[in-house]
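Take a look at the structure below.
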Amino acid sequence: MATGRSIVRRVASTPWNARLRELASQSLFSESISLYRSMLRSGSSPDAFSYPFTLKSCAALSLPVSGQQLHCHVIREGCVAEPFVITALISMYCKCGLVEDARKVFDENTQSHQLGLAVLNSFITMYMKCGSVESGRRLFDGVPVKGLITWNAVMSGCAQNGLAYDVLEIYEEMKSYGVRPDPVTLVSVLSSCAHLGAQRIGQEVEKLVEANGFVSNVFVCNALISMYARCGNLAKARGVFDVMPVRSLVSWTAMIGCYGMHGMAETAVKLFDDMIKSGIRPDKTVFVMVLSTCSHSGLTEKGLELFDAMKREYKLEPGPEHYACVVDLLGRAGRIDEAMGFIESMPIEPDGAVWGALLGACKIHKNVDMAEIAFAKVIEFEPMNIGYYVLMSNIYTDSKNQEGIWRIRVMMRERGFKKEPGYSYVEHMGRVHLFLAGDRSHEQTEEVYRMLDELEASVMEIEGNTECDRCGEVSSSTREHSERLAVAFAILNTSPGAEILVIKNLRVCEDCHVFIKMVSKVVDRRFVVRDASRFHYFEDGLCSCKDYW
DNA sequence: GTAGGGTTAG
């Protein structure tokens, strides 16, 4: 029964609650928390309806301390019995990674075990956020009547754990049950398309976005920008960015990253300046983006300048990832000793990424002595990261140090490493086709190999059997082989409407250059190829990127 | 009124 006191409270907090709800629904999370504080200062007492939005904001910003304060208020105000406050609390703790606290709230409020689905959804999210994908999926499978949010929870969880292909599968399954996607669903699907380079599927999703009137949703637009950026379609990415009614910091970050990936560092830096002018405060993420963009394009001084501005002007404390960017910046420019000096002067302890950046620079500039120092350090931090062993082995290969190569091989054997097979994928007619070396599982395998033979025969005819000078390494042959299969498949299936093919993980070696040149002649259309960090455009057999050849 | 969401180098 409502007491007179609680009625007075309810009336007093209602206008505040409406505003809290509005702010949280517009993703204005810090504003929502400030409003809650103003509400307390003004003497209004929060009620049960004030908490869910404020807790959601704490969860979104990952502010566990504020969340715990709110939990105290919930107890003080006697709202612990409200099921929707309990689910919001569990969700907040789950998202902040405080599993124990979430579990405690769950155990102490047994009545919420019946409310049911919301708590299950929260727990699926929690498992996924903690990286226990298996547990999350098991819980999901056991939910008898899945709601849209249940589907969204498992899909976003898979997306966040890099299981992009699973997301697309679950999405199909969801549709087969007649469940209609909402913006949150489409965000996960788009983000997975981005990771797979699946532009066709992404375009289908964009049609759905338009048909359902989700175009003004900032999350959806950001995911679209990132999808088009990673699929090599810069024009479309920019198109989405330009028509957005409201751009968040993430929108700018995605767009800056898009120019960075495409080797257009000047435009990226210009966009960063525009962002500042438009009154948006940069965060650490956007600095990672713009710094790495500068190092890829050789804008060394500009990068160093920005790193300085980050600390002085924007009062942002650089993390190890920023220091790694600066080491990369100096290292790529050949300023290896300076990079080493910079590491030694760091106020925080350098991590694996910092030493890894130095190791990468040593590979480019063939500095074996420094590489050995960096390698020893980097495997202290990341002993199980096979990439660094391969990198060091390649440095020895370049310097023809046979003893070094053997030493690395022994280390790898002792640690029981098994190399993951390299693979490539091509999107065709909305399906992603994956190829491994020697792979014969594809339904068109006979035709694919026939096409591959034809192409390789013509390559040799034209250029002679050019030997690749980088293929001494452990991983190259398998990966190249898978790429060739993917290319052969792509040519075989290129339909007149298909403008762009995206081939990921392409290794840069002489042999591949010849091959790609050949391929572009055969298909007579534009090719976009992505290697480790950027896109290369091939038109009429020529790549416009000067350092590619 | 609860539960689910976008950007990140080496």
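Below, chain A is the first sequence line, B the second, and so on; all start at residue 1.
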| message | Can you see if the side chain of A:Lys95 gets near the phosphate of B:dG4 - specifically, an N or O under 4.0 Å from OP1 or OP2? | response | yes

| request: Using a heavy-atom cut-off of under 4.0 Å over every strand shown, decide if A:Gly257 touches base, sugar-phosphate, or nothing. | output: nothing

| task | Could you label the plane-to-plane angle of the A:Tyr36 and A:His73 rings as parallel, tilted or perpendicular, counting under 30° as parallel and over 60° as perpendicular? | result | parallel

| said: Below the 4.0 Å mark, does B:dT7 have OP1 or OP2 next to a side-chain nitrogen or oxygen of A:Arg247? | reply: no

| query | Taking the inter-plane angle between the rings of A:Phe272 and A:Phe287 on a 0 to 90° scale, is it parallel (under 30°), tilted (30 to 60°) or perpendicular (over 60°)? | reply | perpendicular

| note | A:Met128 atom CE is separated from B:dA3 atom P, nearest whole Å, by 18 Å

| task | Would you indicate whether the side-chain heavy atoms of A:Lys311 and A:Phe307 approach each other to under 4.5 Å? | result | yes

| message | Measure CE/A:Met261 against P/B:dG10 and give the value in whole Å, please. | response | 11 Å

| task | Check the distance between B:dG1's P and A:Ile90's CD1 and give it to me in whole angstrom. | result | 20 Å

| Between B:dG4, B:dA9, B:dG6, which one does the side chain of A:Val187 approach most closely? | B:dG6

| Contact class for A:Glu382 (heavy atom, under 4.0 Å): base, sugar-phosphate, or nothing? | nothing

| query | Looking at B:dT8, B:dG4, B:dT2, which one has an atom nearest to any side-chain atom of A:Met289? | reply | B:dT8

| query | Nearest to the side chain of A:Ala223 - B:dT2, B:dG6, B:dG1? | reply | B:dG6

| query | So what does A:Val354 touch, heavy atoms closer than 4.0 Å: a base, only the sugar-phosphate, or nothing? | reply | nothing

| Checking all strands, does A:Asp283 fall into the base, sugar-phosphate, or nothing category for heavy-atom contacts under 4.0 angstrom? | nothing

| said: Looking at A:Asn217 and B:dG5, is any side-chain donor or acceptor paired with a base atom of the opposite kind under 3.5 Å? | reply: yes

| request: Examine B:dG4: is either OP1 or OP2 under 4.0 Å from a nitrogen or oxygen in the side chain of A:Gln160? Give yes or no. | output: no

| How is A:Lys146 classified with respect to the nucleic acid when contacts are heavy atoms under 4.0 Å: base, sugar-phosphate, or nothing? | nothing

| salt bridge (charged side-chain N to carboxylate O under 4.0 Å, His left out) pairs, two or more places apart, involving residues 278-301 of chain A | A:Glu301-A:Arg335

| task | Report the nucleotide, chosen from B:dG4, B:dT7, B:dT2, that has the shortest atom-to-atom distance to any side-chain atom of A:Thr253. | result | B:dT7

| task | Classify the ring geometry between A:Tyr177 and A:Trp151 as parallel (under 30°), tilted (30 to 60°) or perpendicular (over 60°). | result | tilted

| For A:Arg137, all residues meeting side-chain contact (heavy atoms from CB on, under 4.5 Å), sequence neighbours excluded | A:Met128, A:Val133, A:Val154, A:Cys158, A:Asp166, A:Ile170

| A:Phe219 ring over B:dG5 six-membered base ring, under 5.5 Å and 30° | yes

| message | Without decimals, in angstroms, what is the distance between A:Ile149 CD1 and B:dT2 P? | response | 9 Å

| message | Counting the benzene-type ring for Trp, do A:Tyr51 and A:Phe84 have ring centres under 6.0 Å apart? | response | no

| Closest listed nucleotide, where the reference is the side chain of A:Lys129 and the choices are B:dA3, B:dT2, B:dG5 | B:dG5

| field | Positions of residues 316-323 of chain A (non-hydrogen atom under 4.0 Å from DNA chain B), listed by number | value | A:Glu321

| field | Row check, A:Phe140 ring normal vs A:Lys146 NZ/CZ: under 6.0 Å, within 45° | value | yes

| task | Indicate, with a heavy-atom threshold strictly under 4.0 Å, whether A:Ser156 touches base, sugar-phosphate, or nothing. | result | sugar-phosphate

| field | Ring center gap for A:His195 and A:Tyr165 short of 6.0 angstrom | value | no

| query | How close or far is atom C1' of B:dT7 from atom OH of A:Tyr259, stated in whole angstroms? | reply | 16 Å

| message | For B:dG6, does the base pair up with any side-chain atom of A:Ser248 as donor and acceptor (N or O, under 3.5 Å, distance only)? | response | yes

| field | Distance in angstrom units between A:Ile280 CD1 and B:dG6 C1', rounded | value | 14 Å

| field | Side-chain N,O (A:Lys284) to OP1/OP2 (B:dA9) below 4.0 Å | value | no

| task | Figure out the CZ/P separation between A:Phe214 and B:dG6, and round it to whole Å. | result | 16 Å

| message | If you only use heavy atoms from C-beta on, which nucleotide in B:dT8, B:dG6, B:dG1 is closest to the side chain of A:Phe53? | response | B:dG1

| message | Please verify the inter-ring angle class for A:Phe241 with A:Trp252; under 30° counts as parallel, over 60° as perpendicular, anything in between as tilted. | response | perpendicular

| Any idea which of B:dG5, B:dG4, B:dG1 is nearest the A:Arg21 side chain? | B:dG1

| said: Closest approach to the side chain of A:Thr285, judged atom by atom: which nucleotide of B:dG6, B:dT7, B:dG4 is it? | reply: B:dT7

| request: Give a yes/no on whether any side-chain N or O of A:Arg332 is located under 4.0 angstrom from OP1 or OP2 of B:dG10. | output: yes

| Base, sugar-phosphate, or nothing: which does A:Phe287 touch, judged by heavy atoms less than 4.0 Å apart? | nothing

| Atom-pair distance (CG on A:Asp351; P on B:dT8), nearest Å | 19 Å

| query | Has A:Ser122 got a side-chain N or O lying under 4.0 Å from the OP1 or OP2 atom of B:dT2? | reply | no

| Counting any heavy atom closer than 4.0 Å, what does A:Ala324 reach on the DNA or RNA strands: base, sugar-phosphate only, or nothing? | nothing

